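Here the structure comes first, spelled out in C-alpha cells, and everything after it is commentary.
Being a predicted model, the structure only gives us computed values, none of them experimental. Each chain gets a letter, A, B and so on, in the order the sequences are listed, and its residues count up from 1.
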Number of protein chains: 2
Amino acid sequence: MSGAPPFSRIAIIGLGLIGSSIARAAGQAWEGLTVTGHDASAPVRARAAELGFCAHVADTVEEAVRDAELVILAVPVGATADVACAVAPALAKDAIVSDVGSSKAGPAAALAEALPGHVIVPAHPVAGTERSGPDAGFASLFRGRWCILTPEAGTDAAAIEKVAAFWAGLGANIEIMDARHHDLVLAVTSHLPHLIAYTIVGTASDLEEVTESEVIKYSAGGFRDFTRIAASDPVMWRDVFLSNREAVLEMLQRFSEDLSQLQRAIRWGDGDALQALFTRTRAVRQSIVDSGQDDAAPDFGRRH
Amino acid sequence: MSGAPPFSRIAIIGLGLIGSSIARAAGQAWEGLTVTGHDASAPVRARAAELGFCAHVADTVEEAVRDAELVILAVPVGATADVACAVAPALAKDAIVSDVGSSKAGPAAALAEALPGHVIVPAHPVAGTERSGPDAGFASLFRGRWCILTPEAGTDAAAIEKVAAFWAGLGANIEIMDARHHDLVLAVTSHLPHLIAYTIVGTASDLEEVTESEVIKYSAGGFRDFTRIAASDPVMWRDVFLSNREAVLEMLQRFSEDLSQLQRAIRWGDGDALQALFTRTRAVRQSIVDSGQDDAAPDFGRRH
C-alpha cells in the first residue's frame, strides 16, 4: 500500500506484458483503485479475465474508458493514433491520457491530434522482458526502474504530478524529459541494442559454413546473450524503429563508424587500440551495477 | 566422484577464471588427482595458494609441470608460444599438453612448434563469465557446457580419449572438431558478439548529446545486456581477435551487410521486412533454451 491512490478509476488499453504488469502492480499498490482493461484481441481479453488482474475486462474500448480518470494506452506505438481515435468519443471530459511507448515524439503527436482538449502525459517505463502477452506480466516489473514522462511544455502541472505519483506507487523512479531528447537517449540505450541483436541473430542463422545447430550448441560463448532481446515482440519493435527512425539511423551511423575503426584495428593487428577500448568498456558495466540497474552477480546471476 | 581419474598428476599454467575453475572442478571430481598450479603473476600465485584450489602452487613453470601427465595452458592465446617454450625443457617425455584458448588454429600451431614430439590435444571449453582472476572461478562452470577438442589428424587416439574423459569428468559435453572449423564457428557464436558488444558500449560512452549518466540510468532498455560481455578480460579478448583475425573479419563483413539491409528497411519504412526478421530471430532464442544452453526464465532469471 502506498497511501491514497492518485486515481480511483483507471483504464488500460492493451493487456500484454506492460499493460498487464501495470494492472497487477496497481492492484498491489492500492486497494481503492479500480482497473478496467481492454485488448483488441478477444483471446487476450478472455485470458486476462481468467487471470483476474483487472476488476473488469471490457469488450469495447468505449466501455473500458468510460468514467476512467486515467487512460493508459499500452499498445504498439504504431497503433497509438487508431486507438486514440477510438477512445476519443467515450473519454470523460477531464480524463488524463497516457501511453507507455518506447518512442515518444511520434506517439505524443498522434495523441495530441486525436484528443484535442485532453491532458496528455506520455510515459515510458524503461522495463520489460523478452516475453509478451498477459501471462508474461508481473507486479514487480517496474520496481527500481525508471519511468520517463515527456509532457509538452504547458501541460497541467497537477496532472503530471498525479501520473508521476501513479508510477512512483508502482515502484518506479520518475524522470521528466523532453520527448525529442528521450528519443535520442533511448535510441542508444534500447533501440540500437535491439537492432544489433536482431541483426546478429539473423546473420548467424543465415551462414552456410556453420550450421544452425552449431550456433545453438556453442551459443554460451556470448551469442546467447543477444538472442534474449532478439526474442522481443516483433510488432512492438517494428513500430519503434519506424517511429523513431531519425534517432535510430543517427545512432546506427555512429556505431557503424566505430565498428569500422575496430575492424581496421583487427586487420592491422593493432592490439593496443583493442586493449584500450576493452579496458574502457569494463568500467561502464561496473557503473551500471553500482547504480542498481543490473545484477551484480556474474553472468546475470544465471544458474550454473 | 567420476570413477578413477584419467590422470593422477596435472599442471595448470594460468590461474585466472578458467584455470582456477578447472582446478576447482577437478578437485571435486577426483580425490586421486593432484593439481599443481602456476601463474606468471606473483600476487595471483599468492592468492591461489590462499584459496587452496591446487595441491601446490609452484613458483616456476618448470617446477609446476615436472611429472605432470597433463599440462593445461590457461593463458591468453597470445602468450601460448612463450609459455610453451618455457614449459618445453621441463616436460615429462610422455606428458600430454593442452590449452583452453578461444581460438584454436593459431595456438595449436604455436604449441606444435614449441613442443615437437609431444602429444598435443587443444581444447576450448565454451564457458565463462565476465569476471577474471583466481577468485572468479568456480567448480560448476563447465557443467552442461561444450568442450571442443581440436587435435590434428593423426594425434594419438588414447591421448584424445583421456583428455575427453578429463573434461567429461568436469561436467562438460565433448565435441571433436577441426581447428579451422572451430575458429569459424566460434567467430560467430562468441568473437563477433564480443566485438559488437565492445563497440556499442564504446559508442554509447562517446556521445555528446546523451550523457554517460543517462546511458547508465536507462540501460535496462537493452543496453545493459551488452555491457556484461563488454566487461570481459581485455587482454584475453585482444588476443582472440588478433589470433582469429580472418574468421572474425569474415563474420564482421556479413554482419555489416545485414545491418545495412536493416538500415535501409528503416529508412524506407519497410515494416514488413523488419517484422519478418524479428519473428524469425525469436525462434532461435527458443532453440537455445530448449537445448539447455540458456536459462528458460525471462530476463536471464534476473531478480526483479
* To do: Mind telling me whether B/Tyr198 and A/Phe278 have parallel, tilted or perpendicular rings, with 30° and 60° as the class edges?
  => parallel

* To do: Under 4.5 Å heavy-atom distance to chain B, tell me which part of A/His181 shows up: side chain, backbone, both or neither.
  => side chain

* Of the backbone (N, CA, C, O) and the side chain (C-beta and beyond), which part of A/Ala127 lies under 4.5 Å from a heavy atom of chain B, both, or neither? -> neither

* Working for side-chain contact (heavy atoms from CB on, under 4.5 Å), residues B/Leu277 and A/Trp237 -> CA-CA 11 Å; B/Leu277 171 66; A/Trp237 281 98; over 6 Å; no

* Name the option with the most non-hydrogen atom pairs under 4.5 Å to chain B; the candidates are A/Asp272, A/Asn173, A/Val201, A/Val235. => A/Val201

* **Test salt bridge (Lys or Arg N to Asp or Glu O under 4.0 Å) applied to B/Arg254 and A/Glu209, step by step** => CA-CA 13 Å; B/Arg254 303 205 183 197; A/Glu209 311 90 322; 2.9 Å; yes

* To do: Side chain from CB out, backbone as N, CA, C, O: work out which of these in A/Asp206 comes under 4.5 Å of a heavy atom of chain B, or both, or neither.
  => side chain

* Answer with yes or no whether the side chains of A/Ser132 and B/Arg282 bring together a donor and an acceptor at under 3.5 Å. => yes

* Starting at OG of A/Ser219, measure out to CZ of B/Arg145 and round the result to the nearest 0.5 Å. => 7.5 Å

* Interchain contact, B/Ser291 with chain A, by part (heavy-atom threshold 4.5 Å) -> side chain

* Asked: Out of B/Glu175, B/His191, B/Gln253, B/Met177, which one racks up the most heavy-atom pairs below 4.5 Å with chain A?
  -> B/Glu175

* **A/Val248, part contacting chain B, at a heavy-atom distance under 4.5 Å** => side chain

* Heavy-atom proximity to chain B below 4.5 Å, by part of A/Glu212 -> side chain

* Would you please classify the geometry between the A/Phe226 ring and the B/Phe226 ring as parallel, tilted or perpendicular, with 30° and 60° separating the classes? => perpendicular

* Which pair of heavy atoms, one from A/Tyr218 and one from B/Val185, lies closest together, and at what distance? -> CD1-CG1, 3.6 Å

* To do: Mind ranking A/Thr227, A/Val215, A/Leu192 by heavy-atom pairs under 4.5 Å with chain B and telling me who comes out on top?
  => A/Thr227

* To do: Using non-hydrogen atoms and a 4.5 Å limit, figure out which bit of A/Ser256 sits close to chain B: side chain, backbone, both or neither.
  => side chain

* **Pick from A/Val289, A/Leu186, A/Leu184, A/Asp239 with the largest number of heavy-atom pairs that fall under 4.5 Å of chain B** => A/Leu184

* To do: Against chain A, label B/Arg245 side chain, backbone, both or neither, depending on which of its atoms sit under 4.5 Å from a heavy atom there.
  => both

* Asked: Is chain B contacted by the side chain of A/Arg228, its backbone, both, or neither, given a heavy-atom distance below 4.5 Å?
  -> both

* Structure fact -> Comparing B/His124, B/Glu246, B/Gln293, B/Gln261 against chain A, the one with the most heavy-atom pairs below 4.5 Å turns out to be B/Gln293

* To do: With rounding to the nearest 0.5 Å, note down the distance linking CD in A/Gln275 to CZ in B/Phe241.
  => 13.0 Å

* Can you find a heavy atom in the side chain of A/Glu214 that is under 4.5 Å from one in the side chain of B/Val188? -> no

* Measure distances from B/Leu259 to the heavy atoms of chain A and classify the residue's part below 4.5 Å as side chain, backbone, both or neither. => both

* Given side-chain contact (heavy atoms from CB on, under 4.5 Å), test A/Leu249 with B/Gln263 step by step and report yes or no. => CA-CA 7 Å; A/Leu249 290 175; B/Gln263 187 173 14; 3.7 Å; yes

* **Heavy-atom pair count under 4.5 Å with chain A, highest-scoring of B/Asp233, B/Ile229, B/Leu207** => B/Leu207

* **Spacing of CD1 belonging to A/Ile196 relative to OG1 belonging to B/Thr199, to within rounding of 0.5 Å** => 8.0 Å

* Asked: Is it true that atom CD of A/Glu257 has more than 12 heavy atoms of other residues, nucleotides or ligands lying nearer than 6.0 Å?
  -> yes

* Asked: Rounded to the nearest 0.5 Å, how far does CD of A/Gln286 lie from CD1 of B/Ile216?
  -> 10.5 Å

* Per-residue contact mode, A/Ile148 against chain B (heavy atom under 4.5 angstrom) -> side chain

* Structure fact -> Most contact-rich option vs chain A, by heavy-atom pairs under 4.5 angstrom, among B/Ser190, B/Gly222, B/Ala187, B/Pro234, is B/Pro234

* Name the region of B/Ile200, side chain, backbone, both or neither, that has any atom closer than 4.5 Å to a heavy atom of chain A. => both

* To do: Return the option, out of B/Ala265, B/Ala220, B/Gly171, B/Gly301, with the maximum number of heavy-atom pairs under 4.5 Å with chain A.
  => B/Ala220

* Structure fact -> Output for pair (B/Glu130 CD, A/Asp225 CG), nearest 0.5 Å, gives 9.0 Å

* **A/Arg302 bridged to B/Asp294 by N-O distance under 4.0 Å** => yes

* When heavy-atom pairs shorter than 4.5 Å are enumerated against chain B, which of A/His194, A/Arg238, A/Met251 gives the highest number? -> A/Arg238

* What part of A/Ser243 gets closer than 4.5 Å to chain B, counting heavy atoms only: side chain, backbone, both or neither? -> neither

* **Approximate separation, where rounding is to 0.5 Å, of A/Asp295 CG and B/Arg224 CZ** => 8.5 Å

* So which part of A/Phe300 gets closer than 4.5 Å to some heavy atom of chain B, the side chain, the backbone, both or neither? -> both

* Check A/Asp270 against B/Leu242 and note the closest heavy-atom contact, atom names and distance. => N-CD2, 4.3 Å

* Which bit of A/Ile266 comes within less than 4.5 Å of chain B, counting heavy atoms only: side chain, backbone, both or neither? -> both

* Asked: Can you check side-chain contact (heavy atoms from CB on, under 4.5 Å) on B/Val126 and A/Lys217, steps first, answer last?
  -> CA-CA 9 Å; B/Val126 185; A/Lys217 272 170 87 168; over 6 Å; no

* **Test item: B/Thr281 and A/Ser205 side chains (from C-beta on) under 4.5 Å apart, heavy atoms** => no

* Asked: Using non-hydrogen atoms only, which part of A/Thr279 is less than 4.5 Å away from chain B: side chain, backbone, both, or neither?
  -> both

